[in-house]
Chemist: 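Please read through the structure below; I'll follow up with questions.
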Amino acid sequence: MELLLFGIAKDIVGRSSIDLPSKGVQPRSVAELKELLIADYPDFSKLSSFAVAVNSEYAGDDVTLGQDDEIAIIPPVSGG
Amino acid sequence: MELLLFGIAKDIVGRSSIDLPSKGVQPRSVAELKELLIADYPDFSKLSSFAVAVNSEYAGDDVTLGQDDEIAIIPPVSGG
Amino acid sequence: MEEPILEIVEELDVSGVYKELSHPASGGICVFIGAVREFTNNEEVVALEFETYKAMALKEMRKTVTQASEKWPVNKVVVRHVVGTKKVEDPVVVVGVSSAHRDACFPACRYIIDTLKQTVPIWKKEIFRNKEVWVSAHP
Amino acid sequence: MEEPILEIVEELDVSGVYKELSHPASGGICVFIGAVREFTNNEEVVALEFETYKAMALKEMRKTVTQASEKWPVNKVVVRHVVGTKKVEDPVVVVGVSSAHRDACFPACRYIIDTLKQTVPIWKKEIFRNKEVWVSAHP
């Protein structure tokens, strides 16, 4: 399960993608992924907010994560 | 006193300008000019409206007309 | 606001308007272009013919732009309108406004085109296959 | 609505957008251009750096344009956004809409840029003389 990182998320983690599971823990939902990230990288809790996209669509906390999903961390967008 | 005519006003009168006085009558105000025009060219009364400009500014009915003023008939505008 | 560009032209090239509106303090630029439509009330338009009272039109454009600059903090404004005969898809008017934020350039641009259509002495004749009509002249 | 033009580009040339939006049934064209401003909160901006999640950005642009076309009768839409490093006065986004009347293209253009700024995964870093800040990242 590959996790893509953009913007400040990339700076916090120090890489543009990471492989899950992290430390042997495999998140089963968006909510679990967010908890895992904040535990591993406390700077995520300092952001205004951050969203998760699954297969390039915004995904709510209860969306389940599958092995083949493309998952991305979407920090606050600021285009335009 | 020269009167400039534009758009449909030009079509009604058949010329792009006329010299006043018309038939010996000299309008002293915008209101008098409008009455005179409608008397001479009844088609003016069929327009949605028409305004008068004195020295290239919209002029209300009570504005007086001087010999050296540039006067224009402004039928409903439709630019853009 | 910088000195606005206000013009009545025979040929309207809109491709350079962005450059004219660009400004280091302007994060937003809003441009409106009016063009000749193919149909009016289901009747095919062959051409539009524009006539203006030029001296007064430029004065009224300036009043409108001044009003807009009093209502919204704008940096640069361009207003250009054509005269003469124009065919379908030809641009006939361009209004462009640049400002720090889009909250200013959008309403200012809209205000200028709306007011221009109500006050600026420009007249449009629609040329159809079998008739010609001065727009808005009759009730 | 015709198939919209949705692009993420390295170089943005806005001079041809009018031609792309021109359409025989469109009497009105509204174009918004976002550009790099010189100052943010009185601090001089050296450059902006844009990054995107391209596949998702194009999907979100399409959703936004579809929503706009459901709200207003629009004929053509162009949305182009840059990635990479941009300097003061460089255009970074262009949104253009053409429609029969200006009552549709103005609000549709505004809706698209407003929604793009809220939902499309593009991130902007402000480069100042002595620091770099991801815009909106922190409260």
Side-chain angles (χ1 to χ4, degrees), chain C residues 12-42 44-45 48 75-76 86-114 116-117 124 126 135, chain D residues 12-42 44-45 48 75-76 86-114 116-117 124 126 135:
Chain C
L12 180 52
D13 178 1
V14 301
S15 66
V17 171
Y18 166 69
K19 290 267 179 247
E20 293 174 316
L21 293 164
S22 181
H23 185 281
S26 288
I29 296 176
C30 183
V31 178
F32 174 78
I33 295 148
V36 181
R37 271 194 308 143
E38 202 173 13
F39 289 96
T40 294
N41 301 326
N42 295 316
E44 193 182 346
V45 172
L48 293 184
N75 292 327
K76 284 187 164 185
K86 298 294 157 190
K87 304 231 174 299
V88 172
E89 289 197 49
D90 283 348
V92 301
V93 61
V94 62
V95 175
V97 177
S98 79
S99 57
H101 304 284
R102 67 191 186 287
D103 278 342
C105 62
F106 267 103
C109 184
R110 181 71 196 256
Y111 176 83
I112 293 169
I113 184 63
D114 285 357
L116 180 147
K117 282 171 174 268
K124 172 164 61 191
E126 288 174 328
V135 175
Chain D
L12 180 52
D13 178 359
V14 301
S15 65
V17 170
Y18 165 69
K19 290 268 178 246
E20 294 175 314
L21 294 165
S22 181
H23 185 280
S26 288
I29 296 175
C30 183
V31 178
F32 174 78
I33 296 147
V36 181
R37 273 193 309 142
E38 199 172 13
F39 289 96
T40 294
N41 301 325
N42 295 318
E44 192 181 348
V45 173
L48 293 184
N75 293 325
K76 284 186 163 186
K86 298 295 155 186
K87 303 231 175 302
V88 173
E89 289 197 49
D90 283 348
V92 301
V93 61
V94 63
V95 175
V97 177
S98 79
S99 57
H101 303 284
R102 67 192 186 288
D103 278 342
C105 62
F106 267 103
C109 184
R110 181 72 196 257
Y111 176 83
I112 293 169
I113 184 64
D114 285 358
L116 181 149
K117 282 170 175 267
K124 173 164 61 191
E126 289 175 329
V135 176

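Residue numbers start from 1 in every chain, and the chains themselves are labelled A, B, ... in the order their sequence lines are given, proteins ahead of strands.
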Chemist: Determine the option with the most heavy-atom pairs under 4.5 angstrom with chain C, choosing from D:Gly16, D:Ala100, D:Gly96, D:Ser98.
Modeler: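 That would be D:Ala100.
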Chemist: With sequence neighbours left out, write down each residue that passes side chain to side chain contact (heavy atoms under 4.5 Å, CB included) with C:Glu89, or none if nothing qualifies.
Modeler: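 So C:Glu89 forms a side chain to side chain contact (heavy atoms under 4.5 Å, CB included) with D:Ser22, D:Pro24.
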Chemist: Below 4.5 Å, heavy atoms only, C-beta onward: do C:Leu12 and C:Val92 meet side chain to side chain?
Modeler: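 Not in contact.
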Chemist: Heavy-atom distances under 4.5 Å only: say whether D:Cys109 touches chain C with side chain, backbone, both or neither.
Modeler: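 Looking at D:Cys109, backbone and side chain both touch chain C.
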Chemist: Which atoms of C:Asp103 come close to chain D, meaning under 4.5 Å heavy atom to heavy atom: side chain ones, backbone ones, both, or neither?
Modeler: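 It is both, since atoms from each part get that close.
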Chemist: Ignoring hydrogens and angles, state whether a donor on the side chain of C:Ser26 or C:Asn75 is under 3.5 Å from an acceptor on the partner side chain.
Modeler: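 Yes, because at least one side-chain N or O of C:Ser26 sits under 3.5 Å from a partner of the opposite role on C:Asn75.
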Chemist: Indicate every side-chain donor-acceptor pair of residues 27-39 of chain D with a distance under 3.5 Å to a residue at least two apart or in another chain.
Modeler:
none

Chemist: Examine whether an atom of D:Lys117 lies under 4.5 Å from a heavy atom of chain C, and if so say whether it belongs to the side chain, the backbone or both; otherwise answer neither.
Modeler: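 The answer is the side chain of D:Lys117.
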